[in-house]
Number of protein chains: 2
Amino acid sequence: MKTKVVLVDDHSLFNDGLSLILKESGYYEIIAQIYDSRNAYSQCNVLLPELILVDYNMPFLDGLALVKQLRTLVHQSKIVVISMYADKREIEAFKEYEIDGYLSKTTPSTKIIEALQKIMSGEKVFQIKQEPKSNFDKDFFSLKKLLTKREVEILKSLKKGYTSEQVAQELCLSYYTVETHRKNINQKLKFNSKKDFYEFLDTIELEK
Amino acid sequence: MKTKVVLVDDHSLFNDGLSLILKESGYYEIIAQIYDSRNAYSQCNVLLPELILVDYNMPFLDGLALVKQLRTLVHQSKIVVISMYADKREIEAFKEYEIDGYLSKTTPSTKIIEALQKIMSGEKVFQIKQEPKSNFDKDFFSLKKLLTKREVEILKSLKKGYTSEQVAQELCLSYYTVETHRKNINQKLKFNSKKDFYEFLDTIELEK
DNA sequence: GCAAAAATACCTGTATTCAGGTATATTAAT
DNA sequence: ATTAATATACCTGAATACAGGTATTTTTGC
């Protein structure tokens, strides 16, 4: 049921953290965490993982050299490289070894999970640089410059799943006022669809 | 700028993993990871964290006893207990010490972050048992059992931000047909608000 | 103090969604 | 072969959201 994963990363904190993140997602079973890449090939030969996550920067045997080895495995696993610097040249170097994905360590865990799901379903995911954010920086601090205090309050209330009507009730405002605020928010943030708006609403953190 | 956090958990894997998760969120700065709860009180007295995350099950000095100590700190920090078993009786025991939240270790990292954001803005969050998943398991495989092939196609199209009208065009269907499918989807998945639906749409993976 | 920004409220018309139906042809299951 | 499920399509009315206005009061910055 769950995808059997082997993690190869000398940096134990990240190895452990990633392990936890993958386990938490509910889709992955970590069958091994390997801290010394020199053991990876033999271990994978025995464990037959469906997915191997390999760090790029490792001592003794780096990601590139390891992938070269792993591709000679009889049992074909998906191989994903995780790197500190999502460099274009780095990716180029991997091209000939037919890896299934290339992810950056700066990617939020949710996006890592998303990417891995895509990869497990056959897609290839290459993240060059940090993905350009949607429209503007989605963090609260840049948002504060754009929106007024009241507009943020409206968003907070909408975040609870309220309709404009319900927001009006909660904040003791007229329905028309709430609608006006929403109109202004939409103008400022220029959403292309309802989905875009609600997606934004879901993602954004609006706390102090 | 970032919330200063101290983690208290003897289980280093979880401590490290949680640390990573908090850091990744961008809102938290981990100023200490404490593995022996007996050091927590003195450390917090020096470090003055805004948020203290405490594990429930710890050797020597367990979560309850530690919280009792921490509440005597001059500098008042938010205190959140994280437990393996989100037991109702456990929470009861904490009630008199006025903790700000009680979270389960089974909670996905994104939900932990969400909960902590709420807590930092003054709310209290008590998660008893693992929260009943949003109606059903949000993964594709359990979804397939609930929805028909066509319904999934409709969702895929909606995921692009299309309106029912546009979905109809893309799939060469009548607008009415698309609306019917959406109606059936909504019935099956029982969303409580538009926000819930679009949030689901954003989260779900619909690939093969 | 004055001008700008923000917050409030209202109106209109349209677009979109949602919930309640009905109905038929095709497909899958037993 | 005959149910049951699926996909299709249409209708209506209500609820919600969106886009275009206008307008008044309050707050804030200089």
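Atoms considered below: every heavy atom in the structure, side chains included; atoms not considered: hydrogens, waters and symmetry mates. So you know, we letter chains A, B, ... as the sequences are listed, proteins then strands, and number each from 1. Since this is a predicted model, take the numbers as computed values, not measurements.
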Exercise for the section: Could you tell me how the ring of B:Phe191 sits relative to the ring of B:Phe200: parallel (under 30°), tilted (30 to 60°) or perpendicular (over 60°)? Expected result: tilted
Exercise for the section: Could you identify which residues of residues 175-185 of chain B place a heavy atom less than 4.0 Å from some atom of DNA chain C, listed by residue number, or say none? Expected result: B:Tyr175, B:Glu179, B:Arg182, B:Lys183
Problem - B:Leu116 vs B:Leu53, side-chain contact (heavy atoms from CB on, under 4.5 Å): CA-CA, chis, key distance, verdict - result: CA-CA 10 Å; B:Leu116 291 180; B:Leu53 295 180; 3.8 Å; yes
Practice task
Find the distance B:Asn192:CG to D:dT16:C1' and express it as a whole number of Å.
Solution key: 16 Å
Problem - Close residues, residues 163-172 of chain B, relative to DNA chain D [heavy-atom separation under 4.0 Å] - result: none
Fill in the blank from the handout: Closest non-hydrogen contact found for B:Ala40 with B:Ile34 is CA-CD1, 3.8 Å
Problem - Heavy-atom side-chain proximity of B:Leu155 to B:Phe197 below 4.5 angstrom - result: yes
Exercise for the section: Please report how far the helix from C:dG1-D:dC30 to C:dT30-D:dA1 bends, comparing the axis fitted to its first five pairs with the axis fitted to its last five, to the nearest 10 degrees. Expected result: 60°
Practice task
Take nucleotides 25-30 of chain D nucleotide by nucleotide from the 5' end and write B, S or -, depending on whether a protein heavy atom sits under 4.0 Å from the base, only from the sugar-phosphate, or from neither.
Solution key: ------
Practice task
To the nearest Å, give me how far apart NZ (B:Lys194) and C1' (D:dA15) are.
Solution key: 7 Å
Practice task
Round to a whole Å and report the spacing from NZ of B:Lys195 to P of D:dA17.
Solution key: 13 Å
Exercise for the section: Over all heavy atoms of both residues, which pair between B:Leu103 and B:Ala115 is shortest? Give the atoms and the distance, please. Expected result: CD2-CB, 3.8 Å
Practice task
Please name all residues satisfying side chain to side chain donor-acceptor pair (under 3.5 Å) with A:Lys188, sequence neighbours left out, ordered by chain then number.
Solution key: A:Glu151
Without placing hydrogens or testing angles, list every side-chain donor-acceptor pair under 3.5 Å for residues 165-176 of chain A, not counting sequence neighbours.
residue, atom, partner, partner atom, Å
A:Gln166, OE1, A:Thr163, N, 2.8
A:Glu170, OE1, A:Ser157, OG, 2.4
A:Glu170, OE2, A:Lys160, NZ, 2.4
A:Ser174, OG, A:Tyr176, N, 3.0

Exercise for the section: Side-chain contact test, heavy atoms from C-beta onward, threshold under 4.5 Å: evaluate it for A:Ile21 versus A:Ile112 and give yes or no. Expected result: no
Practice task
Return the set of residues passing salt bridge (Lys or Arg N to Asp or Glu O under 4.0 Å) with A:Glu153 (not counting sequence neighbours), or none when no residue passes.
Solution key: A:Arg150
Problem - Partners meeting side chain to side chain donor-acceptor pair (under 3.5 Å) with B:Asp196 (sequence neighbours left out) - result: none
Exercise for the section: Give the first and the last nucleotide of DNA chain C, reading 5' to 3', that has any atom under 4.0 Å from a heavy atom of chain A. Expected result: C:dA6 to C:dT17
Handout entry: Partners passing side chain to side chain donor-acceptor pair (under 3.5 Å) against B:Lys4 (at least two apart in sequence or in another chain)
Key = none
Practice task
Whole angstrom is fine here: how far is it from CZ in A:Phe197 over to C1' in D:dA17?
Solution key: 10 Å
Practice task
Quick one: list whatever passes side chain to side chain donor-acceptor pair (under 3.5 Å) with B:Lys78, sequence neighbours left out.
Solution key: none
Practice task
Please identify each residue that fulfils ring-ring contact (aromatic ring centres under 6.0 Å, His included) with B:Tyr162, with sequence neighbours left out.
Solution key: none
Completion exercise
In short, B:Lys159 meets B:Leu201 closest at the heavy-atom pair NZ-O, 2.8 Å
Problem - Distance-only side-chain donor-acceptor flag, B:Glu50 / B:Thr3, under 3.5 Å - result: no
Exercise for the section: Provide, to the nearest angstrom, the distance between the CD1 atom belonging to B:Ile154 and the C1' atom belonging to D:dA9. Expected result: 13 Å
